[in-house]
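Okay, so here's the structure we're looking at.
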Amino acid sequence: MTRFVLAVIAATAVISLTDWFFFGVLFHDRYQRTPEVWRSGSESRKIAVSMVLAAVGVAGFLGLALLIRVTGFGESLLLALLVWLAASLPQTATATLYVRFDAALGVSHALGYLARIVVAAGAYTLIVAR
C-alpha cells in the first residue's frame, strides 16, 4: 500500500509538468482564438482540481495494472496505450468535434492525456511492481 501511495504522489508530481507543457505551453496562443470557450475564474483552483483528478486517474491505472497482474514496463506501456485508445483519445477527439476550439489544441490535449497515462505506467513499473 505504501508503494501504491508513493507511486500516485510521484506520478501526479510528474504529470503536473507534462500538463504544463501539453495543456499550457504547446500551442498556447491558440487558446486566445476562442476566449469564449474557456471558463473564467481562479487558474490556481482549476489546476489544483486537475491535479486531484490526475491522482484519481493514476490510482485507477495502478489498480487496473495490479488487478490484471502487469509485470514489466512493456506490459505497462501496452496497457497505457490501450487505456488511452479506449478512453482518452475518443473523448478528446469527440470534444474537439463539438467544442469550438482550435484543432491543434485537440492534438495537444490528446498527447497530454497519453503522457499522463505513460507517466502512470512508469510509476507502476518503477515503484509498485518492484
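What you see is a predicted model; the values in this text were computed from it and never measured.
Here D19 contributes atom CG and L53 contributes atom CG; the two are 10.5 Å apart, rounded to the nearest 0.5 Å. Note: S88 OG to L114 CG = 8.5 Å, rounded to the nearest 0.5 Å. Atom-to-atom distance recorded for Y124:OH and L62:CG is 8.5 Å, nearest 0.5 angstrom. For the atom pair L111 CG and L26 CG, the distance stands at 7.5 Å (nearest 0.5 Å). Here CG of L105 is found 10.5 Å from NE2 of H28. Values are rounded to the nearest 0.5 Å.
Closest of all the heavy-atom pairs between F22 and A115 is CE1-CB, 3.7 Å. Among all heavy-atom pairs drawn from V128 and A7, the shortest one is CG2-CB, 3.5 Å. Summarising the geometry of L89 relative to A110, their closest heavy-atom pair is CD1-CB, 4.0 Å, with the distance given to 0.1 Å. Between F61 and A120, the shortest heavy-atom contact is CD2-CB, 3.7 Å. Across all non-hydrogen atoms, the minimal contact from S50 to R116 is OG-NH2, 3.0 Å.
The side-chain hydrogen bond (donor to acceptor under 3.5 Å, both in side chains) test applied to T94 returns no partner, not counting sequence neighbours. Annotation: side-chain hydrogen bond (donor to acceptor under 3.5 Å, both in side chains) contacts of T71 (sequence neighbours excluded): E75. Taking the ring-ring contact (aromatic ring centres under 6.0 Å, His included) definition, one finds that Y113 meets it with F23, sequence neighbours left out. Residues passing the side-chain hydrogen bond (donor to acceptor under 3.5 Å, both in side chains) test with T125, sequence neighbours excluded: S76. The side-chain hydrogen bond (donor to acceptor under 3.5 Å, both in side chains) search around T12 returns none, not counting sequence neighbours. Considering only residues two or more places apart in sequence or on other chains, V5 meets the side-chain contact (heavy atoms from CB on, under 4.5 Å) condition with I9.
At a threshold of 4.5 Å between side-chain heavy atoms, the hydrophobic network of Ile, Leu, Val, Met, Phe, Trp and Tyr places I15 and V25 in one connected group. Hydrophobic clustering of Ile, Leu, Val, Met, Phe, Trp and Tyr side chains at less than 4.5 Å, counting indirect connections, keeps L6 apart from M51. If you chain together hydrophobic residues whose side chains sit under 4.5 Å apart, I127 and V8 never meet in one group. Using a 4.5 Å cut-off between side-chain heavy atoms of Ile, Leu, Val, Met, Phe, Trp and Tyr, with links allowed through other members, L66 and V56 fall into different hydrophobic clusters.
Listed by first and then second residue, the salt bridge (Lys or Arg N to Asp or Glu O under 4.0 Å) pairs involving residues 77-87 amount to none (not counting sequence neighbours). Residue pairs meeting the salt bridge (Lys or Arg N to Asp or Glu O under 4.0 Å) criterion with at least one partner in residues 87-97, sequence neighbours excluded, do not occur; the list is empty. Each salt bridge (Lys or Arg N to Asp or Glu O under 4.0 Å) pair with one or both residues in residues 55-67, not counting sequence neighbours, would appear here, but there are none. Residue pairs meeting the salt bridge (Lys or Arg N to Asp or Glu O under 4.0 Å) criterion with at least one partner in residues 49-73, sequence neighbours excluded, are absent.
With hydrogens and angles disregarded, no donor-acceptor distance shorter than 3.5 Å links the side chain of W84 to the backbone of V118. A distance-only check finds a donor-acceptor pair linking the side chain of R3 to the backbone of R130 [under 3.5 Å].
Considering only heavy atoms from C-beta on, I68 comes within 4.5 Å of V70 through its side chain. Two residues are said to be in side-chain contact when any heavy atoms from C-beta on lie closer than 4.5 Å; F73 and L126 fail this criterion.
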For side-chain contact (heavy atoms from CB on, under 4.5 Å), just list the numbers for F27 and D102, CA-CA rounded to whole Å, side-chain angles, deciding distance to a tenth of an Å, and then say yes or no.
CA-CA 9 Å; F27 304 123; D102 195 289; over 6 Å; no
Take I47 and W20 through the side-chain contact (heavy atoms from CB on, under 4.5 Å) test and state the conclusion after the steps.
CA-CA 10 Å; I47 291 170; W20 168 77; over 6 Å; no
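Listed by chain and number, the hydrophobic cluster partners of L17 come to none, as no ILVMFWY side chain reaches under 4.5 Å of it. With side-chain heavy atoms closer than 4.5 Å counting as contact, directly or through intermediates, the hydrophobic cluster containing L82 also holds L78.
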